[in-house]
**Student:** 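Sharing a structure below in structure tokens format, with a few things to ask.
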Amino acid sequence: MSGPPLNPPLPNSDSTPTTQIPNILKTLYFLSIELGRIQDLDDMLYQVIVRGRQDLGIDRMGIFLISEDGQDYQGIYGTNKDGIVHDARALRGKIANDSFFSALFNTTDRVAYRLDAPLYDGHEQVGVGWNTLTSMWHGDQIFGIFAADNLLNGTPLTSLMLEVLNLYGAMLGHLIARLRTEQALRINEENSRRFGENLRHLHEVTMQLSLLDDPADLYRQAIILGRTRLGFDRMGLFLMDKTTKEIVGTFGTDPKGEISDLRDYRLPISQHAGVAEMLESRKYAEIWPDVTLYEAGVPVGTGWNAIAILWDGDESIGWLACDSLIRGDAFTPQTLELLTLYGTTLGHLITRRRAEITRSEMVLEREKLQMMGTFVANISHDLKTPLSVLRNSLYLIDHSVDTVKNKQRMGVMQLQIDHLDHLIQDLLLISRLEYSLTLETTEVNLNHLFERAIQDILPSIEGKRLHLDVQLDPQLPPVRGAEQELYRAILNLIENAVNYTPSDGTIKVRCYADVDTVHIEVSDTGIGISGQDIKHIFDRYYRAETARATVHTGTGLGLSIVKRVVELHQGEIAVNSQIGEGTTFQILLPCAAVANF
Ligand code: ADP
């Protein structure tokens with residue numbers, strides 16, 4: 001070791017008055033009580049220096065903490081050449097590179113000292129005198145060192161001062177170790193409290209997510225609630241595509257903390273080495289402490305990254321990723337535990353939602369088949385009736401010479417042909433409307449369509465002696481639409497009103513406009529529709545029992561045509577009805593000036 005010798009014998013002039021020792025012990029005792037009251041480690045270390053100098057007469061003091069592996073030192077507070085206590089965190093280095101520090105570590109004494117040594121303020125030498133290093137122990141580990149010298153008062157080193165330093169070091173060792181344990185306990189307690197709170201939040205989040213029907217909403221909210229309610233930093237949810245063996249994004253968080261749509265993101269699972277390994281060993285969650293962090297495949301920073309696999313029994317359906325990009329929070333075991341629980345919860349929710357969707361698709365398919373069966377039965381009946389009337393009439397005309405009767409028979413035939421024509425028109429129209437997403441449109445004046453429809457249906461209205469009340473606004477603005485289809489919709493509504501209203505009833509037709517909407521109303525004083533039936537009247541082939549008893553020739557297609565036509569015109573349809581009192585259909589269509597299709 002270079003420099004002045006370590007722990008040389010003190011000059012003979014050292015005559016320690018042993019009578020002072022009880023006083024010093026008393027001072028140390030009270031000091032330990034006062035320092036022991038300080039809760040914050042940093043505050044305490046500051047006071048260690050201030051009070052060490054003030055109460056124990058130590059000249060200049062500095063305090064250092066040692067890293068857990070015992071390799072590095074770091075200054076905390078020191079005293080500068082003017083005697084001012086200051087922050088010394090910039091002073092740090094390897095113990096192995098400092099001969100004085102190394103010497104303390106290599107001796108069994110708790111204090112190392114040198115006489116006539118260079119004295120420093122930071123890295124600048126500011127004098128010569130004695131200096132000491134005293135170790136602070138916990139168990140058999142040195143976790144801190146404090147340095148002292150005589151730069152300011154120049155008094156010689158005495159064995160009493162060495163004893164004071166030794167005792168102060170031992171006392172501080174205990175105090176600091178205790179404070180650190182208390183702090184660690186507090187952090188643990190705080191963490192478990194937060195974890196308990198998060199478990200409660202997890203329950204609430206699960207309840208909220210389980211109410212969402214649409215899978216995309218579920219994925220999106222899983223990220224939003226994961227961040228806002230469960231306290232995760234950046235999150236992303238990825239699902240497995242088993243057929244292509246790819247991972248597919250759903251929603252994530254961009255580097256600014258906004259929700260990001262990752263539904264276009266796809267990557268073969270094999271390219272995710274870490275995850276592939278987790279799947280292989282059936283792990284639930286894993287953390288990578290110090291890695292590059294990505295946003296949709298592009299590096300955006302570094303930090304920790306954790307992944308929880310979403311398992312459905314033995315199969316993985318995806319994973320939940322979480323990292324520290326935005327807040328840079330330190331990683332805690334609780335984070336991984338909560339992520340694992342959240343991953344399991346989401347796994348269950350997503351699997352359940354998928355099963356429900358498959359089930360309701362099956363139910364829908366079955367309902368469609370049932371409706372189809374009913375339709376085929378109805379339609380063949382509807383076709384058979386007019387056909388047999390036609391066949392009979394033809395037979396009778398063929399075998400009769402009674403021209404008057406034959407003329408009547410031909411009238412009956414004409415009616416049946418009209419009915420067949422209507423039925424076939426409806427069928428063709430509904431299949432055409434089913435497959436068109438948009439229509440060929442022009443500007444249409446609905447007043448003309450109403451006038452035409454009323455004209456066409458007038459014989460039936462007169463035949464049933466119905467009262468007709470027509471209120472058309474002559475200033476009605478045009479709508480943008482498909483004329484033929486709109487005519488069909490209007491005709492169907494008026495036809496229904498006529499069909500389902502007994503003789504002497506009233507049919508009212510209104511058409512008017514407000515700012516940008518045309519309103520159509522067709523109402524009657526007919527048989528009405530029950531609450532049960534009203535839910536289904538727009539379904540194809542649906543006919544209420546009361547309707548079947550009243551009108552034998554209906555197809556159950558009219559209103560589904562009306563509804564589809566209104567939809568294709570970006571309009572709305574509503575119905576209001578009272579059994580035995582009547583029914584009102586109301587349609588809203590955008591005026592041509594505002595229609596955007
Ligand atoms: P339909 O050919 O049977 O009239 P729609 O699709 O036009 O078929 O109507 C479906 C059902 O809605 C009808 O069968 C009837 O039960 C009911 N409905 C429609 N319009 C009226 C109305 N104005 N009054 C009473 N019931 C109606």
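Order of listing sets the numbers, starting from 1, for every ligand and every atom in it.
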**Student:** State, yes or no, whether a side-chain contact exists between Phe232 and Leu320 at a heavy-atom distance under 4.5 Å.
**Tutor:** no
**Student:** Would you name the heavy atoms of Met235 and Thr253 that are closest together and state the gap between them?
**Tutor:** O-OG1, 2.8 Å
**Student:** Taking distance alone, with N or O pairs closer than 3.5 Å, would you say Asn496 contacts ligand 1?
**Tutor:** yes
**Student:** Would you say the side-chain atoms of Gln414 and Asp418 include a donor-acceptor pair closer than 3.5 Å?
**Tutor:** yes
**Student:** Ala547 to ligand 1: N or O pair under 3.5 Å?
**Tutor:** no
**Student:** Below 4.0 Å from any atom of ligand 1, is there a heavy atom belonging to Thr583?
**Tutor:** yes
**Student:** May I ask you to list the atoms of ligand 1 that are less than 4.0 angstrom from any heavy atom of Tyr542?
**Tutor:** 10 (C), 11 (C), 14 (O)
**Student:** Could you pull out all residues at least two apart from Thr441 that satisfy side chain to side chain donor-acceptor pair (under 3.5 Å)?
**Tutor:** Arg480
**Student:** Surrounding NE2 of His203 (heavy atoms of other residues, nucleotides or ligands, distance under 6.0 Å), is the total greater than 12?
**Tutor:** no
**Student:** Do Gly558 and ligand 1 have an N or O pair less than 3.5 Å apart?
**Tutor:** yes
**Student:** When you measure from the heavy atoms of Phe585 to every atom of ligand 1, does any distance fall below 4.0 Å?
**Tutor:** yes
**Student:** Say whether Leu559, considering both its backbone and side-chain N or O atoms, lies within less than 3.5 Å of an N or O atom on ligand 1.
**Tutor:** yes
**Student:** Once you round to the nearest 0.5 Å, how far does CD1 of Ile561 lie from CZ of Arg564?
**Tutor:** 12.0 Å
**Student:** Under a 4.0 angstrom heavy-atom cut-off, which atoms of ligand 1 come close to Gly528?
**Tutor:** 25 (C)
**Student:** Hey, is Leu557 touching ligand 1 through its side chain, its backbone, both or neither, going by heavy atoms under 4.0 Å?
**Tutor:** backbone
**Student:** For ligand 1, is there an atom lying under 4.0 Å from some heavy atom of Gly556?
**Tutor:** yes
**Student:** Looking at Ala544, which atoms of ligand 1 are within less than 4.0 Å of one of its heavy atoms?
**Tutor:** 14 (O), 16 (O)
**Student:** Grab the two heavy atoms, one from Ala306 and one from Leu336, that are nearest each other, plus how far apart they are.
**Tutor:** CB-CD1, 4.0 Å
**Student:** Counting only pairs under 3.5 Å, give me each side-chain donor-acceptor contact of residues 568-595, with atom names and distances, residues two or more places apart or in other chains.
**Tutor:**
unit_1	atom_1	unit_2	atom_2	d
His569	ND1	Val565	O	2.8
His569	NE2	Ala482	N	2.9
Ser577	OG	Ile529	N	2.8
Ser577	OG	Gly582	O	3.2
Ser577	OG	Thr583	OG1	2.9
Gln586	NE2	Glu521	OE2	3.2

**Student:** Using a plain distance cutoff, I'd like to know if Ile529 has any nitrogen or oxygen under 3.5 Å from a nitrogen or oxygen of ligand 1.
**Tutor:** no
